[in-house]
Structures are given as C-alpha cells and as structure tokens.
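Reviewing the structure listed below.
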Amino acid sequence: MIELTFVGADGARKTVTAPEGTSVMQAARDHDIEAIRAECGGAMACATCHCYVDDADAGKVGTACEDERDMLDFAETELRETSRLSCQIRLTPALNGLTVHLPDAQI
Amino acid sequence: MPQAPFDDTITYNQLVNDPYAVYRRLRAETPVVRVKAVGRTMITKAADTRAIKDDAALWSSDDPNTPMERAFHAHTLMRKDGEEHKRERMAMAPTFSPKNLKTIWGPAYEKLANEYLDRLPRDEVVDLFPTLAGPLAARILAVILGIPGASDDQMQHWSQALIDGAGNFGWDREPFERVDHAHVAMNAEIERMIPKLKAEPDETALSVMINAEDPLRISQIFGNIKIAIGGGINEPRDALLTILYGLLTNPEQLEEVKRTGAWGDAFEEGVRWVAPIQVSSRRATEDAVVGGCDIPKGDVVMTIQASANHDEDIWDAPEKYDALRKRSPHQSFGSGPHHCLGTHLARMMLGKIMLPLIFERFPNIELVAPETVVWKGFGFRGPLNLPVRLN
C-alpha cells in the first residue's frame, strides 16, 4: 500500500493509503475527498480532478504530457507549475509519502 | 431492504409540464420510487444519482427496452459499456480536444455567432428560439461534425426526429416514419462528404473517424455522427434560452454579471437550474441497494439529474435562478464514462462567447411578456420560445 496525504484549500490534511497502481484521483474518491470531483472518471476528459503536487514531490511525480496540459487549461482554478490531473498520476512505491494540495473549486 | 415504494399518481403530463414540483415532493417523501407512468425507478437525490453514474460496472447504460435502437437504426455508444463504448467515444474525441476548441471551433463559433446576431431585427419583438438559439446550435454542429452542407433547418429537423423517435415509448408509427426519412437524408449528406474528407482531412468528427489509423466500422461512424446530431443541438439551444431567461428576469444579477464578467457563473447556474438533459437510464447488472431500497438485477432506474441539481442538501432555494450564488457542482453534464463529450465546447460557446457578446451587442435587450414563455419537457427541457426586444 502507498501512503499519500491530501491537503485541502483550507489547510486540512488527510492521510490515506491506496494500493499500488491506483491513480491519485481514485484514491481521493475512495476516501471521500470531495475536492477531487473527477466527473469523467479518469478519461482525461473533464479537468475536475485538478491538484497541485507538493513542491517536494514534484520531481518524483513528473510533469503532465501535452494532452494533459491542454486539458488542464480547462481547470477552474489557477494553474501552477505543479498542476496535474490526479487521474493521470499512478501510485508507485517511489511515490510513498506523496503530498498533493487541493484547489478550492473544480467547476 | 424493502423494495422502492410504488407511485401510480404521477402522470406523464405532470413530468412534461411541471417536473420540478414532482421531484421536490419525491426528494422529501420517497427519493427512490417506482413510477408507474414511466415504468422505471426514479432516483432523485444528488448523492445517489452521482454514485450510479460513477459505477458503470454495476449500472449498465444498455437499457434494452427503449425505442432508441429502432430510432437510430443502430445500437449506439450511448447504450454501450466498457471498452466497446470507450473505443467508439475515443474515435470522435480528438475533434473535441482542448486544442481544437481553442484554435478552430471557438473562432468558428464566434464568427457564426456574430453573423447570426447581425441578422436579428432591432426594436421589434423577436423570438430567439427559431431565430438564434436553434439555428446557431445547428450550424456550429454541422461545421464541427464535417457536414456543413446540411442546412440549419435540416439539422434541426433531423435532431428532433431522432429525439422524438428515441423517446417514442408508445411505439407509434409516425415518429419512426419521420426518423426513417431523416436517415435517408442524413446518410446521403454523410456519404457525400466522405470522399471530400478522405482527400482533404481536417479536424471534423467525420474526417477524424474515417481517416483514423484503426477506424470504426462505417455503421458505427454513421451512428456516432447521428448521436451527435440527436444530442448536440437542443442542449446548447435550450441552455442559451434558459440562461437568457434567468438573467433577463433577474436584472440585478445581470448588472452584477456584466460588472464582474462572471458569465461562466451565469452559464453554470443556468444549466443547473434547468438541466437541458433532465434524466438518464441505467440498468442494474447485479442486485443493488440505492437510498435504502433494493433494486433487483435487471431493473432500470432513471437518474434524475434535474432533481439532483435541485437537491436541498446542496442548494438553498434551488428553484431560483441565481447567477450570484456560490457555485456547487451540478450534474447536468453527467459523470463517469458517459460524461458529456461536449462539456467544454458548451462552456466555451455559451459562457465565454455568446453571453458576453449578446449583451454587448444589445445592452438593453428586454424580455417581452415573460409569462408567455412556455417551458416543456421531461427527458429534455427548456423554453419553447423567448420573445425579446433587442436594442
């Protein structure tokens, strides 16, 4: 199991565990993290699972591919260098302890 | 768990004319209920409708006992699941990519929107349904699909024929005959374009599908184009009319939106307030429990997103259009694998382009006799007319 922490826009932290191979989006949905809306269910079609990877983890997670960057332009909140669609981040052992920050709106 | 209660008092006419009153009562009294008039179990609370849409393994989109296949001359992606659905959807998805929306369809819509607004008469009463909302939605769709030779009237007629056929639960002859005629014309227009788009490929849906490396079967390609025709005109048309009605009947909100430029909020609130697509069907692939009620395997439920969008657990005074309210996620574009492919296109066309444009062009636009606006529809809903004076 991989451990990861979600930090809400209000600063509230929630640490959860999820099986290796799960997406960060799915881990959020499985633990009722409502700030991850994920309307399309992981098809990279909706931009409602936008998150900010913690600066300390950004290198490990990597950057968005071109299609993901295009879709991120439809995200509701401001984009930062660490912006990702959480459906596109797969949890691997290397990401154990990952921290992602949540925007205050997805739509 | 008990079975869902049974309601034989709701009439189909009530659902067509005043569904929100029915849903308000159902949310309060029997949020999961078998409704005789539609032969389905209605799901009316937001948490339940969302959970069903998101669990595509438990809730199949294949509702076998509908007139849709007969009307569309095809088993379309709307009624498919899993990989089969995904392959057909992805075949068309490149057309709707964010890049294409920004660089091709956005500019194309803006140009068309200006042309259609140019044609509107000033200082007289004009109904924006047949003069703007309907034909403009038809035109941009014809362009995006790759069948620009189809006229606005043809597109609207085909779309309505497909909708009426798919909703022909009485299995009457006339709607099927009408849609059969429409198929002849649609097929001719699609076939006419294929050689042209093979010779000069572009980003239109028909071109992307016929020129794909591993193309769909031709029948699936035709089916996809027809699904887009049946499902791509009335939503932006009805959404535009609904939002304009909301803003024009709430001038203080309109002034504030003009001041802040929050047209996106005006858009989202409009499609929340009266969802252009009000209901969807899903079939239980296993015995299931929804809202404390047993739903046996094989049962078909109707998720009522119109009702979910008025859920008092989420919104205060949900029956009111309020462009200034704090945004909460509505379900008008659905969720899960069938999440609306046109979501971003609709947001761009209406929220980013048309709404600011129409109020810039006609700053003193006024709704004439709002009490004469007729709202109708159970499956799809919107105003049937919007009489305004433009100046």
Side-chain angles (χ1 to χ4, degrees), chain A residues 6 8-10 12 16 18-19 21-51 63-80 83-88 90 102-107, chain B residues 46-47 49-57 59 81-83 85-87 89-90 92-103 106 262 264-265 267-269 271-272 305 309 313-314 326-348 351-352:
Chain A
F6 294 99
D10 59 358
V16 305
T22 312
S23 70
V24 171
M25 177 278 283
Q26 195 56 52
R29 299 279 299 155
D30 290 345
H31 292 92
D32 299 323
I33 307 283
E34 299 209 339
I36 294 295
R37 178 82 185 155
E39 281 193 349
C40 78
M44 210 163 74
C46 74
T48 62
C49 67
H50 178 205
C51 70
T63 54
C65 69
E66 190 184 338
D67 286 348
E68 186 185 333
R69 277 204 306 275
D70 282 346
M71 187 53 72
L72 273 165
D73 280 348
F74 287 130
E76 175 61 18
T77 49
E78 54 148 354
L79 294 184
R80 301 178 198 154
S83 284
R84 292 291 309 266
L85 293 177
S86 58
C87 69
Q88 300 301 310
R90 293 269 152 214
L102 303 168
D104 64 357
Q106 295 283 5
I107 292 178
Chain B
T49 55
R50 172 87 209 255
I52 287 172
K53 290 279 184 77
D54 281 353
D55 190 346
W59 298 101
D81 301 313
E83 287 305 312
H85 161 261
K86 190 174 173 186
R87 175 166 153 74
R89 178 182 168 116
M90 292 313 286
M92 201 155 44
T95 296
F96 297 90
S97 73
K99 189 174 285 171
N100 282 346
L101 295 194
K102 270 182 251 167
T103 60
D265 288 348
F267 170 83
E268 300 298 336
E269 173 64 358
V271 296
R272 176 205 71 79
Q305 44 267 18
N309 286 352
D313 290 349
I314 303 176
K326 185 179 176 320
R327 242 195 239 185
S328 292
H330 58 71
Q331 297 184 20
S332 296
F333 294 115
S335 60
H338 291 266
H339 181 258
C340 177
L341 189 56
T343 303
H344 301 297
L345 179 64
R347 286 193 169 123
M348 182 183 69
K352 288 205 163 61

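Throughout, a chain's letter reflects where its sequence line sits, starting with A, and its residues are numbered from 1.
- For Leu341(B), no part lies under 4.5 angstrom from a heavy atom of chain A.
- Looking at heavy atoms from C-beta onward, Phe74(A) lies in side-chain contact with Leu101(B) at the 4.5 angstrom threshold.
- Contacts of Lys102(B) with chain A are made by side-chain atoms alone, with heavy-atom separations under 4.5 Å and no backbone atom involved.
- Interatomic distance, CG of Asp73(A) versus NE2 of His344(B), reported as 10.5 Å (0.5 Å rounding).
- Of the listed residues (Met71(A), Gln106(A), Glu66(A)), the greatest number of heavy-atom pairs within a distance under 4.5 Å of chain B belongs to Met71(A).
- Among all heavy-atom pairs drawn from Arg37(A) and Arg50(B), the shortest one is O-NH2, 2.7 Å.
- Cys40(A) and His339(B) make their closest contact through CA-CB, 3.8 Å (heavy atoms, listed as atom of the first residue, atom of the second, distance).
- Contact detail for Ile107(A) and Pro329(B): the closest heavy-atom pair is CD1-CB, 3.8 Å.
- Looking at Ala45(A), both its backbone and its side chain come within 4.5 Å of chain B, counting heavy atoms on both sides.
- For the options Ser335(B), Ser328(B), Pro337(B), Pro98(B), heavy-atom pairs under 4.5 Å to chain A are most numerous at Pro98(B).
- For the atom pair Thr48(A) OG1 and Phe333(B) CZ, the distance stands at 12.0 Å (nearest 0.5 Å).
- To the nearest 0.5 Å, the span separating NZ on Lys99(B) from CZ on Arg69(A) amounts to 9.0 Å.
- Between Asp54(B) and Arg29(A), some side-chain heavy-atom pair lies under the 4.5 Å cut-off.
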